[in-house]
**Student:** 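Please read through the structure below; I'll follow up with questions.
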Amino acid sequence: MRSQGSSFLRTVFSLLAIGALCLCLAGIAGFFTLPEAAAGLGPASSRLNPVQRTMLAAYLVLLEPALDQPAGDPGVEIELEVAAGENAAIVVNRLVLAGAVRDAFLLRSYLRYRGLDVGIDAGRYQISGGMTPREIADLLQTARPSEYTMTVIEGWRREQIAGLIAESNFAFGAGDFLEATAVRPGSFSFSSQIPDPPSLEGFLFPDTYLVEPDASAVEVVLMMLDNFEARVGPELRAGFERQGLTLYEAVTLASIVEREAVVPDERPLIASVFLNRLAAGIKLDADPTVQYALAQQPSGDWWKAPLSLTDLQFDSPYNTYRYSGLPPGPIANPGLAALQAVAEPEVSSFLYFRAACDGSGRHTFAFTLEEHIANACP
């Protein structure tokens, strides 16, 4: 009963105010009309009928100065999260309870008059009581998302992930991410199985992540590492052991397979070639390891192609044309399919492969160096 009475009194006072305004307007009709006086309110909503538009305009014109004054306590700063389906009345009432708005009826009336009451998006808003009702009404049309989406592509190196972060609206920057991934926190179950790596390259599992707007770089890195832990389970790890690889070695090899394979179904066969070469003591001669060592090019590309003969002689422990065995660590972050290819490679005796000449992205495979040379494009 109290809420109904309050609503009734508010309506009565509003009508009295409108009536007083109409009398005033009638008395000074020679100077301006209501439409002229309402011009400062902005365009009215097309959803209003003429009576609604006139009554709301008259009320708002009477109180227009309040639209440009602080709506509430200037000392109040709140982060308002609006859920899907919450209407303007609910949102405004929450602002009143927080002290960011004093006159709920004024703000609701302005929202309705402008048609902004139906445009309030679900999401997060940073609102201050020092903002004016007009400013709050406009702000409520552009929410910050409750979560950001971050999609990490298979085969990206961590600097490429940092580049994605630099283009996003996260609470942290690319430099923060690189710093957080430069060392191993040492608090994960696989940490005892890997050496002290130069970075977390290889373990930043490619996937689509939902990131809280205020998440830190460390929290996002932990999310990616937890995902790695969940996705690279006992079966995969057992497969790595069957190939005679530690977890760190398997991830390193999978990162090379990820960068070499263009056609997905070739991953297990490419993994087989590299495992055969490792077993035979033959250098891997993998182009992606040279590309990783060369790092970012003047063009901004992180993976130089094609490589020159001079590039193949670049002195780096990652260059598998110069140094035998696996490089010191992963050269990228492999996806699940590349990891599975290393755990369950195709059975073959191939020792060589090169890009096919038809531009399909596929490769031709060979047992001997002579066959490999014969497979070269004209």
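This one's a predicted model, so the numbers in the text were calculated from it and none came from an experiment. Side chains included, hydrogens not; waters and symmetry mates left out as well; all remaining heavy atoms used.
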**Student:** Is it true that E371 and R354 have a side-chain N and a carboxylate O under 4.0 angstrom from each other?
**Tutor:**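 So E371 does not pair with R354 through a salt bridge.
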**Student:** Contact between V257 and P334 at the side-chain level, heavy atoms closer than 4.5 Å - yes or no?
**Tutor:**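 Counting from C-beta outward, V257 and P334 never come under 4.5 Å.
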**Student:** Is E258 salt-bridged to R267, going by a charged N under 4.0 Å from an acidic O?
**Tutor:**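 Salt bridge between E258 and R267, a charged N being under 4.0 Å from a carboxylate O: yes.
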**Student:** Could you give the distance from CG (L95) to CD1 (I127), rounded to the nearest 0.5 Å?
**Tutor:** 4.5 Å
**Student:** For the residue pair D287 and Y321, confirm or rule out a side-chain donor-acceptor distance under 3.5 Å.
**Tutor:** yes
**Student:** Check for me, please, whether I256 and Y323 land in the same ILVMFWY cluster - side-chain distances under 4.5 Å, paths through other members count.
**Tutor:**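 No, no single cluster joins them.
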**Student:** More than 12 heavy atoms of other residues, nucleotides or ligands under 6.0 Å from CD of E344: is that the case?
**Tutor:** no
**Student:** Taking the six-membered ring for Trp, are Y59 and F105 ring centroids under 6.0 Å apart?
**Tutor:**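 Between F105 and Y59, which both carry aromatic rings, the centre distance is below 6.0 Å.
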**Student:** When you compare the side chains of D311 and S308, does any donor N or O come within less than 3.5 Å of an acceptor on the partner?
**Tutor:**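 There is such a pair between these side chains.
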**Student:** Would you call D285 and R277 a salt bridge, using N to O less than 4.0 angstrom?
**Tutor:**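 Judged by the 4.0 Å cut-off on N to carboxylate O distance, D285 and R277 do form a salt bridge.
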**Student:** Tell me the closest heavy-atom pair linking A332 and G155, and the distance in Å.
**Tutor:** CB-O, 3.4 Å
**Student:** For the residue pair F353 and F365, categorise the inter-ring angle as parallel (less than 30°), tilted (30 to 60°) or perpendicular (more than 60°).
**Tutor:** tilted
**Student:** Would you tell me whether T151 and T208 have side-chain atoms, one donor and one acceptor, within less than 3.5 Å of each other?
**Tutor:**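 Per modelled atom types, T151 and T208 side chains form a pair under 3.5 Å.
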**Student:** Which value, rounded to the nearest 0.5 Å, describes the distance between R237 atom CZ and R242 atom CZ?
**Tutor:**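 If I round to the nearest 0.5 Å, the distance is 14.0 Å.
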**Student:** How long is the straight-line distance from CG of N319 back to CZ of F314, given to the nearest 0.5 Å?
**Tutor:**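 Separation between the atoms: 8.5 Å.
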**Student:** Does any N or O in the side chain of N276 come within less than 3.5 Å of the main-chain N or O of F350, such that one atom is a donor and the other an acceptor?
**Tutor:** yes
**Student:** Students often mix this up, so state it plainly: with edges at 30° and 60°, are the rings of Y318 and Y292 parallel, tilted or perpendicular?
**Tutor:**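 Ring orientation of Y318 relative to Y292: tilted.
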**Student:** Start with the C-alpha gap between E79 and Y125, add the side-chain angles, then the distance that decides, and say whether side chain to side chain contact (heavy atoms under 4.5 Å, CB included) holds.
**Tutor:** CA-CA 6 Å; E79 183 171 270; Y125 302 86; over 6 Å; no
**Student:** Hey, are the side chains of S168 and Y148 touching, using non-hydrogen atoms and a 4.5 Å cut-off?
**Tutor:**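 No, too far: nothing below the 4.5 Å cut-off.
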**Student:** Is there a donor in the side chain of S360 and an acceptor in the side chain of D358, or the other way round, less than 3.5 Å apart?
**Tutor:**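 S360 vs D358: donor-acceptor pair found between side chains.
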**Student:** Show the numbers, then the answer: is there a side chain to side chain contact (heavy atoms under 4.5 Å, CB included) between R47 and D117?
**Tutor:** CA-CA 11 Å; R47 297 182 300 108; D117 55 331; 2.7 Å; yes
**Student:** Measure from the ring center of F177 to the ring center of F172 and say whether it is less than 6.0 Å.
**Tutor:** no
**Student:** Report the distance from atom CG of L56 to atom OH of Y110, rounding to the nearest 0.5 Å.
**Tutor:**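 Here the rounded value is 12.5 Å.
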**Student:** Roughly how far, to the nearest 0.5 Å, is CD1 of I161 from CZ of R158?
**Tutor:** 9.5 Å
**Student:** Work out which heavy atom in V263 is nearest to a heavy atom in R362; give both atom names and the distance.
**Tutor:** CG1-NH1, 3.1 Å
**Student:** Is there a salt bridge (Lys or Arg N to Asp or Glu O under 4.0 Å) between R102 and D73 once you walk through the steps?
**Tutor:** CA-CA 8 Å; R102 280 187 293 266; D73 181 351; over 6 Å; no
**Student:** Determine, stepwise, if the pair T246 / F240 fulfils side chain to side chain contact (heavy atoms under 4.5 Å, CB included).
**Tutor:** CA-CA 7 Å; T246 66; F240 300 153; over 6 Å; no
**Student:** Nearest 0.5 Å, please: how far is OG in S199 from CG in L204?
**Tutor:**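 Here the rounded value is 7.5 Å.
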**Student:** Is any side-chain N of the basic residue among R94 and E81 closer than 4.0 Å to the acidic one's carboxylate O?
**Tutor:** no
**Student:** Given R108 and N93, is the side chain to side chain contact (heavy atoms under 4.5 Å, CB included) satisfied, shown in steps?
**Tutor:** CA-CA 10 Å; R108 287 204 307 270; N93 286 341; 3.7 Å; yes
**Student:** Is it true that the side chains of D121 and Q141 contain a donor and an acceptor less than 3.5 Å apart?
**Tutor:** no
**Student:** Is it possible for you to say whether V262 and L336 belong to one hydrophobic cluster, with membership spreading through side-chain heavy-atom contacts below 4.5 Å?
**Tutor:**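 No; L336 is not reachable from V262 via cluster members.
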**Student:** Show, in sequence, the C-alpha distance, side-chain angles and deciding distance for N333 and E154, and conclude whether the side chain to side chain donor-acceptor pair (under 3.5 Å) test is met.
**Tutor:** CA-CA 6 Å; N333 294 282; E154 293 87 346; over 6 Å; no
**Student:** How far apart are the closest heavy atoms of Y248 and G329, and which atoms are they?
**Tutor:**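 Heavy atoms of Y248 and G329 come nearest at OH-CA, 3.5 Å.
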**Student:** Under the salt bridge (Lys or Arg N to Asp or Glu O under 4.0 Å) rule, what do R124 and E212 come out as? Steps first, then yes or no, please.
**Tutor:** CA-CA 11 Å; R124 297 187 180 192; E212 292 285 336; 2.7 Å; yes
**Student:** Looking only at non-hydrogen atoms, find the nearest pair between P378 and C357 and report the distance.
**Tutor:**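 Result for this residue pair: CD-SG, 4.3 Å.
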**Student:** Under a plain distance cut-off of 3.5 Å, with no hydrogens placed, do Q296 and W303 share a side-chain donor-acceptor pair?
**Tutor:** no
**Student:** Are P206 and I153 packed together at the side-chain level, in the sense that at least one heavy-atom pair is separated by less than 4.5 angstrom?
**Tutor:**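 The answer is no; the side chains never approach within 4.5 Å.
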